[in-house]
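No experiment lies behind these values; they were computed from the predicted model shown.
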Amino acid sequence: MKSGQRHATEKAARPSLAVLIAVSTVNPLAMQIYLPSLAGMMIVFSATAGEIQLSMSAFFVAVAVSQLIWGPLSDQYGRRPVIIVGMALFVIGSVLCLFAPTIEALIFARILQAAGGCTGMVLGRAIVRDLYGPNQAASMIGFVTMGMAVMPTIGPAIGGLLDEFFGWQGGFVLMLFLGIGALWASIYKLPETHTERTKVGPRQVVKSYTELCREPLFWSYALTAAFSALTYFAYLGGAPYIAAGMLSLSAAEMGFYFMFVALGYIAGNFVSGKFAERVGLMPMIMAGTLIGILSVSIIATFTYFNGLSAQILFLPMFLLGLGNGVCLPSALSGAVSVRPELAGSASGLTASLQVGAGAITGSFVTWLYTGSAIAGSPWGMIIVMAVGMLLSLGAALSVRHLSARHSFVPAE
């Protein structure tokens, strides 16, 4: 009887896949949907490219910092209340974005958006781990990740069309309605899944991160992921200004082209899901890294021979997305496997490194494009992308060397 009751309770406590995707998607979509509007927002707010880029960089920093906080809070207070608070913050941030009178107010509103919306990203995976064993959890997380990738894929195209008809605020109106929908779903359709609460204080959190930081193999995996993501964020930082300033693309055209990198990422995740278990971590990491290097090489070669066009700027980004989708799942899996008892801390720290690298890189590339000796040239973006991929390759090669001296050996 007790067993049957427990089974019924567990079944009732399982949120639908649609709810998990909804709360996990609002933040990635908020990051992507306004990319086609960046050039126009410079005029509306009488802002420099660096100031507009800060609205994106501040978003990344808020995500990086918040991810380190929401996870431990959910361990102590439960997943559901933390997600509800996060979705409420996201809605408030979206409202403030709509009515922002200055660029400073917009940046503050974007920080609220990011800090609240990232609860769904972080805790969506935690909810899956609450409910399923390792094998089934990997499958479910794959479905959630695919869902998370689909919306940002079409987000720039939608944002470009909304900008054409309603101006820069169109994308934020859509995010407000989606945020309200996610808040409603988290209140009425998201049951609590974390029943075994643990008291997590600052001392325990600091101790976990300190122990993790002493593991060289963790850093090899984590930096492979961070440098690979750095390349993608360098592209996000430079492509909108190159497309608008050098190639004279409209917001709608940019929105269409931005889809290709996300399509590549979806394809890469599909490849990882199909082959990572059979092929092993290291081959997948190396394959993804080399694909990323190929994409940057194509852009650099055509730019060197004065062949840069919209197609050359954006279509190789499909390969960059493909490489990220092949590399990142295996790199993240390796990072959380070095110290299994610290898997949650490893996941949060690795994700924060990725987003933190993105915040710094995006701002740096924008400065290179607008305020450096190579201002107005695509080479700033290309050089930073190339450095990112080479650093990712170096970190990936160190994984094999360190694995030989570590108790954890990735499957190959």
Side-chain angles (χ1 to χ4, degrees), residues 31-32 35 38-39 48-61 63-64 222-247 254 257-258 260-262 264-265 288-310 312-324 327-328 331 352-397:
M31 183 182 72
Q32 298 272 2
L35 291 177
L38 291 180
T48 65
E51 290 173 327
I52 291 294
Q53 176 63 33
L54 188 57
S55 70
M56 183 184 296
S57 300
F59 189 96
F60 294 152
V61 171
V63 171
L223 290 177
T224 299
F227 289 135
S228 183
L230 179 154
T231 307
Y232 169 69
F233 285 115
Y235 156 72
L236 287 185
Y241 302 106
I242 295 171
M246 297 182 61
L247 303 177
M254 277 191 279
Y257 281 117
F258 270 118
F260 286 97
V261 64
Y265 185 65
T289 302
L290 293 175
I291 291 172
I293 291 174
L294 175 62
S295 71
V296 178
S297 299
I298 292 173
I299 297 175
T301 300
F302 277 91
T303 302
Y304 181 79
F305 289 105
N306 297 316
L308 185 66
S309 65
I312 295 303
L313 177 63
F314 287 101
L315 294 184
M317 291 301 103
F318 176 87
L319 290 177
L320 181 64
L322 179 67
N324 270 266
C327 172
L328 289 179
S352 293
L353 286 171
Q354 290 178 270
V355 180
I360 296 170
T361 301
S363 296
F364 180 62
V365 169
T366 301
W367 175 79
L368 288 176
Y369 177 72
T370 58
S372 71
I374 52 176
S377 165
W379 281 109
M381 181 191 75
I382 294 170
I383 291 170
V384 174
M385 290 174 67
V387 170
M389 289 312 308
L390 290 176
L391 289 174
S392 182
L393 178 62
L397 290 173

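Across all non-hydrogen atoms, the minimal contact from A331 to A225 is CB-CB, 4.1 Å. The two residues A357 and A226 have their closest heavy-atom pair at CB-O, 4.2 Å. Between A239 and L313, the shortest heavy-atom contact is O-CD2, 4.3 Å. The heavy-atom pair separating C327 from T289 by the smallest distance is SG-OG1, 3.9 Å. Among all heavy-atom pairs drawn from I382 and A300, the shortest one is CG2-CB, 3.8 Å. Of all the heavy atoms in G292 and S295, the pair that sits closest is O-OG, 2.7 Å.
Looking at heavy atoms from C-beta onward, M381 lies out of side-chain contact with T303 at the 4.5 angstrom threshold. Using a 4.5 Å heavy-atom threshold, the side chains of T361 and V384 count as touching. Proximity of L308 to P378: side-chain heavy atoms (C-beta onward) are separated by under 4.5 Å at one or more points.
With I298 as the fixed residue, the side-chain contact (heavy atoms from CB on, under 4.5 Å) test singles out one of T301, L294, V296: L294.
Between F314 and Y257, the angle of the ring planes stays under 30°, which puts this pair in the parallel group of the 30/60° scheme.
For the atom pair L247 CG and I242 CD1, the distance stands at 8.0 Å (nearest 0.5 Å). With values rounded to the nearest 0.5 angstrom, L290 atom CG is found 12.5 Å from L319 atom CG. Summarising the geometry, atom CE belonging to M385 is positioned 11.5 Å from atom CD1 belonging to I293; distances are rounded to the nearest 0.5 Å. Between the CG atom in L391 and the OG atom in S228 there is a gap of 11.5 Å [rounded to 0.5 Å]. Separating the CZ atom in F305 from the CD1 atom in I312 is a distance of 13.0 Å, to the nearest 0.5 Å.
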Quick one: side chains of residues 229-237, donor-acceptor pairs under 3.5 Å with protein atoms, not counting sequence neighbours, listed by atom name and distance.
from: T231; atom 1: OG1; to: F227; atom 2: O; distance (Å): 3.2
from: T231; atom 1: OG1; to: M389; atom 2: N; distance (Å): 3.4
from: Y232; atom 1: OH; to: Q32; atom 2: NE2; distance (Å): 2.4

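Between the side chain of T224 and the backbone N or O of A396 there is at least one donor-acceptor pair closer than 3.5 Å.
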